[in-house]
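Notes for the one structure printed next.
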Amino acid sequence: MSIPVERTLSPKPKPADQNKLGFGNYYTDHMFLMNYDEGEGWHNPRIVPYAPIALDPAAMCLHYGQEVFEGLKAYRTQDGKTLLFRPDRNMARLNLSNERLCIPPIDEEFAIEAIKELVKVDADWIPTADGTSLYIRPYIFAVDAHVGVHPGKHLIFAVILSPVGAYYPEGLNPVKIYVENTYVRAVKGGMGFTKTGGNYASSLKAQDEAEKLGYTQVLWLDGVERKYVEEVGTMNVFFVIDGKVVTPALQGSILGGVTRASCIDILKSWGVPIEERPISIDEVAAAYDADKLSEVFGSGTAAVISPVGELRWGDKVLSINGGKIGAVSQRLYDALTGLQWGKTPDTFGWTVRC
Ligand code: COI
C-alpha cells in the first residue's frame, strides 16, 4: 500500500527552547491515519495535516475504552541521521495488545514503514538538544457509533509525533516512589501486559494521591497478595541487591517493556548477573535493612533509565544510594542512550535508519 501525503499549508512554529520541551506538550505538523472497516480490512493509509479527529458521540472508544497504543522515539544523531530504536518490538507488542482487546492485527512491517514516512515528513521537528528526541505515539481506537458492549468493527490507526525532553522534571536525578498498598493496577488474566488506556486510567487515583504526598510515581504490588513487586507507573523496575540485578518476571500483569528487554540483554552482555523472577516488597526491605540494596531504577521509552532515590512503603522510608544515581543505572543509561543517539556502535543491531 502506498501512503499519500497531504502537506500542511500552515506549518506551526517550532518550540522556542529545546531545553524546555518537557514531555507531551508539542505536536508536529502531520499525522498518519488508516481505517479499518469490517469486510475491507485495514485500508486508506494517509499522512495528513495534524488536526482534530471527528468522532460520533456514541463512538465505542469513548464509552468502553477499546484502545491500544505504543510509544517509541526517533533520535537525531550528530551526523544528521535519524534512528528508530527497535520499532519491530513496539509493533509486535501493539499486535499483542490488539489480540487481547479484540482489535484486528496490523501489518507490523507496513506500520514501521508508515512511521518512517511520517518521521521523514516532519523530520525538521526532531529536536537536537542533548537528551531530546521525537516521541512517536501509534494508537488504535474503535469508532463505531454503538453503545452496546461488543468489539468494534470500525477502527482508526493513528500516529502522532511529539518533540520531547525528559519525562520526569527530575531528569536523571533520582525520583521518589510511593509503594502502593491500597489500589491495584492489574491482575493476571486482566490487561496488565497490554498497552491500553484503561491500565493508565486505573493508575490515576494512586498517582494523584502519591503526588500529593510528594512522590513522583507509585510502585505497584501484585493485585492478589499485595506482596510481589510489579512495575512503576510508566516504567519497569530493577533492583540491585548484593551485586545482582533483579527485575520482576513477566507473568501476565506486567508490561513487557522494550527498554526493560534491552537492559536485560545489555547487562547479560556485560556479564552482570541479572535475574527475572518474582521479588517481594519484603525482600526489597530486608535487603535494604541488611545494607544490600545498592540501587533501584526504572526503565521505559519515555523515562529511559530513571534512578529511584527513595521508596516509601507504609511508614518505612528506604533511602537508596544516598539519593544519588548508582553505577549500574548510570552505565545502563550511557549504554542505551549511546546506541539510541548513534554515539556508540550498535553491536546489537537494534537501531533502524529512517
Ligand atoms: C512509554 O514509555 O512510551 C510510555 O508509554 C509511557 C507513557 C505512558 C508516558
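In this chain, numbering begins with 1 at the start of the sequence shown. Order of listing sets the numbers, starting from 1, for every ligand and every atom in it.
- Among the candidates R89, R86, K195, R93, the single residue satisfying the salt bridge (Lys or Arg N to Asp or Glu O under 4.0 Å) test with E70 is R93.
- Looking only at distances, a side-chain donor or acceptor of W42 sits under 3.5 Å from a matching main-chain atom of P105.
- Selection from F69, Y135, Y200, F23 by nearest heavy atom to atom 3 (O) of ligand 1 gives Y135.
- Shortest contact from atom 7 (C) of ligand 1 to any protein heavy atom: R137 NH2, 3.9 Å.
- Not a single donor-acceptor pair under 3.5 Å links the side chain of D144 to the backbone N or O of M60.
- Nearest protein heavy-atom neighbour of atom 9 (C) of ligand 1: Y167 CE1, 3.5 Å.
- Looking at F69, F23, W125 one by one, the single match for ring-ring contact (aromatic ring centres under 6.0 Å, His included) with Y135 turns out to be F23.
- With K73 contributing its side chain and T301 its backbone, the two residues share a donor-acceptor pair below 3.5 Å.
- For atom 2 (O) of ligand 1, the closest non-hydrogen atom of the protein is A302 N, 2.8 Å.
- For ligand 1, the atoms sitting less than 4.0 Å from at least one non-hydrogen atom of T301 are 1 (C), 2 (O), 3 (O), numbered in the order shown with element in parentheses.
- Of the protein's non-hydrogen atoms, T234 CB, 4.0 Å is the one closest to atom 6 (C) of ligand 1.
- Per-residue contacts place K195 under 4.0 angstrom from the following atoms of ligand 1 (heavy atoms of the residue considered): 4 (C), 5 (O).
- A donor-acceptor distance shorter than 3.5 angstrom exists from the side chain of E67 to the backbone of G197, with no hydrogens or angles considered.
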